[in-house]
**Q** 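Just dropping this structure here.
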Amino acid sequence: MSRNSNFFKTNKITWNQKVKVHSQSSMYNMEGFKKGKSSLMSYELEALGDVSGKSLLHLQCHFGQDTLSWSRLGAKCTGVDLSDEGVNLAKQLNEELNLDAEFMCCNVLDTSKYIKDEFDIVFTSYGVIGWLPDLKPWGRMIAERLKQGGIFFIAEFHPMVWMFDYLEDTPIMKYGYMQNEVIYEEYEGTYADENSKMISKEYCWNHGLGEVVSALTEAGLHIEYLKEYNESPYNVLPNLVKTDSGMYVTKDKLYPLLFCLKARKI
């Protein structure tokens, strides 16, 4: 078994625990979601527009709220996630809400082994690429799963964000922007519930924007835009300030918190 396999095994155990905590958290607002509240943010809604009748592959879908939100908008969705607990809950929600999404439990890098369909849209968002040691196979898989002319969209926390250690009240710059070495963290709680007693044990990797863009262009995708924002739709970092628009910013706005990239298979 490779080192990466052991890393993924540890991460899967942690994400199975996170599913139980997150599904009961106010951040994921399960009650509101079941009553019809969308979990999607303005960035992805504006980027993808009308998805009615389109096929959509959602990578690293957690327990499927975003997948099912796209499904409610008329897309024919398939969600993929490493966590079997997450996929099981997603399937339960799909059935309970009488939607037609499908879900597959696998390592996202192995998606093409299990899913052979090609999609109009491949979508992924917010805290996804840091769980992958190498983005080149990720980029190739995305290209494989897209139809000719199909769109890939990612909304993701900016690589600048991951240079800091947030375990103390004041973030400390600790990790390299293009660091190749794996980063291991072990802490109590999770981003959706800091007071949870669960122990998060996580292996992750930092990827600069150049690596993201290159992984996609080398796989044959054409980048339509790459945008950076100094705000986040999620209050997942210490000491963020809420704006009038409902977004969260750092007090001094010295570095971006988010990037969005849209690409097309040509």
Side-chain angles (χ1 to χ4, degrees), residues 7-44 58-69 79-94 96-97 103 105 108 124-131 155-158 161-162 164-172 174-175 183-205 231-243 246-251 257-258:
F7 297 153
F8 286 130
K9 187 176 179 182
T10 298
N11 289 346
K12 180 171 183 168
I13 291 167
T14 288
W15 277 100
N16 278 342
Q17 290 179 282
K18 284 181 191 278
V19 168
K20 295 166 188 174
V21 176
H22 291 183
S23 61
Q24 296 172 25
S25 70
S26 59
M27 179 177 173
Y28 282 91
N29 187 8
M30 187 67 87
E31 189 178 344
F33 176 74
K34 287 183 177 181
K35 289 177 179 175
K37 187 179 187 299
S38 175
S39 62
L40 297 168
M41 298 295 167
S42 58
Y43 301 103
E44 52 264 33
H58 181 190
L59 306 176
Q60 293 167 276
C61 68
H62 201 14
F63 53 88
Q65 283 189 338
D66 282 4
T67 322
L68 298 171
S69 291
V80 171
D81 199 83
L82 180 69
S83 163
D84 46 341
E85 293 282 352
V87 166
N88 288 340
L89 179 53
K91 288 178 176 178
Q92 290 170 31
L93 287 170
N94 179 65
E96 184 179 339
L97 299 172
F103 294 91
C105 181
V108 68
T124 192
S125 67
Y126 308 111
V128 284
I129 59 173
W131 303 102
E156 176 63 288
F157 298 113
H158 199 280
V161 169
W162 304 124
F164 295 92
D165 184 339
Y166 298 95
L167 299 184
E168 302 297 329
D169 192 48
T170 302
I172 301 165
K174 183 177 177 180
Y175 304 109
I183 296 165
Y184 178 72
E185 290 187 323
E186 185 172 327
Y187 57 93
E188 187 173 274
T190 171
Y191 63 84
D193 184 357
E194 293 177 1
N195 298 316
S196 169
K197 296 302 180 187
M198 75 162 284
I199 303 297
S200 292
K201 298 180 180 181
E202 303 173 348
Y203 289 97
C204 49
W205 294 263
E231 60 185 26
S232 164
Y234 294 105
N235 186 21
V236 292
L237 302 174
N239 304 320
L240 295 183
V241 179
K242 192 171 186 177
T243 65
M247 293 292 178
Y248 295 89
V249 297
T250 57
K251 194 173 180 181
L257 297 182
L258 203 72

**Q** Testing the 3.5 Å rule here: is there a donor-acceptor pair between the side chains of Thr190 and Lys18?
**A** yes
**Q** Give a yes or no on whether the backbone of Asp193 and the side-chain of Ser196 come within a donor-acceptor separation of less than 3.5 Å.
**A** no
**Q** Within the side chain of Glu188, is there an N or O that forms a donor-acceptor pair under 3.5 Å with the backbone of Met198?
**A** no
**Q** Looking at Tyr234, is its backbone amide N or carbonyl O close enough to the side chain of Tyr191 to form a donor-acceptor pair, meaning the two atoms are under 3.5 Å apart?
**A** no
**Q** Counting distance only, does the side-chain N/O of Gln60 pair as donor-acceptor with the main-chain N or O of Val128 below 3.5 Å?
**A** yes
**Q** Could you tell me whether the side chain of Gln65 and the main chain of Tyr28 form a donor-acceptor pair under 3.5 Å?
**A** yes
**Q** Could I get the full list of side chain to side chain donor-acceptor pair (under 3.5 Å) partners for Thr124, not counting sequence neighbours?
**A** none
**Q** Would you mind reporting whether Leu240 and Glu231 have side-chain heavy atoms less than 4.5 Å apart?
**A** no
**Q** Check step by step if side chain to side chain contact (heavy atoms under 4.5 Å, CB included) holds for Asp66 and Ser125.
**A** CA-CA 9 Å; Asp66 282 4; Ser125 67; 3.6 Å; yes
**Q** Check side chain to side chain donor-acceptor pair (under 3.5 Å) between Glu44 and all other residues, then give those that pass, not counting sequence neighbours.
**A** Tyr126
**Q** Hey, does Phe63 have a side-chain heavy atom less than 4.5 Å from the side chain of Val87?
**A** no
**Q** For Ser83, which of Leu89, Asn88, Asn16, Asn11 qualifies under side chain to side chain contact (heavy atoms under 4.5 Å, CB included)?
**A** Asn16
**Q** Measure the spacing between CD of Glu202 and CD of Glu185 and express it to the nearest 0.5 Å.
**A** 6.5 Å
**Q** Would His22 and Met27 count as a side chain to side chain contact (heavy atoms under 4.5 Å, CB included) if you check the C-alpha gap in whole Å, the side-chain angles of each, and the deciding distance to 0.1 Å?
**A** CA-CA 8 Å; His22 291 183; Met27 179 177 173; over 6 Å; no
**Q** Centroid-to-centroid, Trp131 to Trp205, below 6.0 Å?
**A** no
**Q** Would you indicate whether Glu194, at its atom CD, is surrounded by more than 12 heavy atoms from other residues, nucleotides or ligands within a distance under 6.0 Å?
**A** no
**Q** Just by distance, do the side chain of Thr67 and the backbone of Cys61 share a donor-acceptor pair under 3.5 Å?
**A** no
**Q** Tell me every residue that passes side chain to side chain contact (heavy atoms under 4.5 Å, CB included) with Ser69, counting only those two or more places apart in sequence or in another chain.
**A** Phe33, Ser38, Ser39, Leu40
**Q** Could you check whether any side-chain heavy atom of Phe164 comes within less than 4.5 Å of a side-chain heavy atom of Lys174, counting everything from C-beta outward?
**A** no
**Q** Would you say Thr243's side chain and Tyr248's backbone share a donor-acceptor pair under 3.5 angstrom?
**A** no
**Q** Should Asp81 and Val108 count as side-chain neighbours, where that means a heavy-atom distance under 4.5 Å?
**A** no
**Q** Taking the side chain as everything from C-beta on, heavy atoms only, tell me whether Trp15 gets closer than 4.5 Å to Glu85.
**A** no
**Q** Given side chains that start at C-beta, do those of Thr250 and Val241 come closer than 4.5 Å, heavy atoms only?
**A** no
